[in-house]
Colleague: 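Take this structure, written in structure tokens, and hold onto it; I'll ask about it next.
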Amino acid sequence: MSETQTQKTSSNLKTHAGGCRCGAVRFEAELDLTAPVSRCNCTICTKVGATSAVVKPSAFRLVSGEESVGRYSEGNSPNYRAFCKKCGIQVFGGGHVPEIGGDFRSVYVNCLDDVDLSELTIRYWDGRNNNWAAGMRAQPWPVRAQA
């Protein structure tokens, strides 16, 4: 069973609240933070230092601030990053990646209230090379091409 599948069947699911820096965007997500969270080596995740937990859309609720949410996606990709138009903080993402189970939401755990990232187990994706089929691993994937 994959680590993302483990999250949806876990008895450690809890509703966590979070939002952007200015408070304009607020959300809730059902997460098991005893399960690993992830980092990706794609150019965007590397630049913003995103750490996320992937959930099904039904486990995520935008509580307030829909009018303050902007979206960024590349080209025709169904995947997006949602940010607060007022303070610029990326708060969540979403889209569809078959290799991780289809439709998803990425909750940026650094936007959760009262969560200490140093207490979480982090695993790594190779998004820079679109290598989703490799799954997550314990060691970071390279950011630059190996010589």
Colleague: Nearest heavy-atom pair of Gly49 and Asn110: which atoms, and what distance?
Modeller: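 The answer is O-ND2, 4.4 Å.
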Colleague: Under a single-linkage definition using a 4.5 Å side-chain heavy-atom cutoff for Ile, Leu, Val, Met, Phe, Trp and Tyr, are Leu117 and Ile122 assigned to the same hydrophobic cluster?
Modeller: yes
Colleague: What are the two closest non-hydrogen atoms of Cys40 and Trp132, and how far apart are they?
Modeller: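 Closest pair (atom of Cys40, atom of Trp132, distance): SG-CH2, 3.9 Å.
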Colleague: Nearest 0.5 Å, what's the OH-CZ distance between Tyr108 and Phe83?
Modeller: 11.5 Å
Colleague: Indicate whether any N or O donor in one side chain lies under 3.5 Å from an N or O acceptor in the other, for Ser38 and Arg123.
Modeller: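 Short answer, no.
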Colleague: Rounded to the nearest 0.5 Å, what separates atom CG in Asn129 from atom SG in Cys42?
Modeller: 11.0 Å
Colleague: Measure up the Phe60 and Phe92 rings against each other and bin them: parallel (under 30°), tilted (30 to 60°), perpendicular (over 60°).
Modeller: tilted
Colleague: Sub-3.5 Å donor-acceptor pair from the side chain of Asn79 to the main-chain atoms of His96, do we have one?
Modeller: yes
Colleague: Contact between Cys45 and Arg81 at the side-chain level, heavy atoms closer than 4.5 Å - yes or no?
Modeller: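 Side chain of Cys45 against side chain of Arg81, heavy atoms only: contact under 4.5 Å found.
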Colleague: Do Ile89 and Ile44 share a hydrophobic cluster (ILVMFWY, side-chain heavy atoms under 4.5 Å, transitive)?
Modeller: no
Colleague: Any link between Val48 and Phe27 through a network of hydrophobic side chains (Ile, Leu, Val, Met, Phe, Trp, Tyr) touching at under 4.5 Å?
Modeller: no
Colleague: Would you please test Leu112 and Leu31 for side chain to side chain contact (heavy atoms under 4.5 Å, CB included) and show each step?
Modeller: CA-CA 11 Å; Leu112 296 174; Leu31 302 167; 3.7 Å; yes
Colleague: Counting only heavy atoms not in Glu66, do more than 12 sit closer than 6.0 Å to its CD atom?
Modeller: no
Colleague: Decide yes or no for Leu120 and Thr51: does some side-chain heavy atom of the first lie under 4.5 Å from some side-chain heavy atom of the second?
Modeller: no
Colleague: Take a 6.0 Å sphere around CZ of Arg61 and say whether it holds more than 12 heavy atoms from other residues, nucleotides or ligands.
Modeller: yes
Colleague: Assess the residue pair Asn41 and Tyr124 against the criterion (side chain to side chain contact (heavy atoms under 4.5 Å, CB included)); give the C-alpha distance rounded to whole Å, side-chain angles, the decisive distance to 0.1 Å, and a yes or no.
Modeller: CA-CA 8 Å; Asn41 67 348; Tyr124 301 88; over 6 Å; no
Colleague: Report the distance from atom CZ of Arg105 to atom CG of Leu62, rounding to the nearest 0.5 Å.
Modeller: 10.0 Å
Colleague: With the 4.5 Å side-chain cut-off for hydrophobic clustering, are Val69 and Tyr72 part of the same group?
Modeller: no
Colleague: Rounded to the nearest 0.5 Å, what separation is found between the CZ atom of Arg26 and the SG atom of Cys20?
Modeller: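 Result: 8.0 Å between the selected atoms.
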Colleague: Do the side chain of Arg128 and the main chain of Val143 share a donor and acceptor less than 3.5 angstrom apart?
Modeller: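 Yes.
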Colleague: Looking at Trp125, is its backbone amide N or carbonyl O close enough to the side chain of Arg39 to form a donor-acceptor pair, meaning the two atoms are under 3.5 Å apart?
Modeller: no
Colleague: Look at the side chain of Lys14 and the backbone N and O of Leu33, then say whether any donor-acceptor pair between them is shorter than 3.5 Å.
Modeller: no
Colleague: Search all heavy atoms of Gly19 against all heavy atoms of Asp113 and return the closest pair with its distance.
Modeller: N-OD1, 4.4 Å
Colleague: Could you walk me through whether Asn131 and Trp141 pass side chain to side chain contact (heavy atoms under 4.5 Å, CB included), step by step?
Modeller: CA-CA 10 Å; Asn131 189 15; Trp141 292 89; 3.7 Å; yes
Colleague: Check this for me: Asp116, atom CG, are more than 12 non-hydrogen atoms of other residues, nucleotides or ligands nearer than 6.0 Å?
Modeller: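 Yes, CG of Asp116 has more than 12 neighbouring heavy atoms, counting only those of other groups under 6.0 Å.
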Colleague: If I compare all heavy atoms of Gly65 with all of Val25, which pair ends up nearest, and what's the gap?
Modeller: O-CG2, 4.0 Å
Colleague: Between Asn12 (side chain) and Asp32 (backbone), is there a donor-acceptor pair under 3.5 Å?
Modeller: no
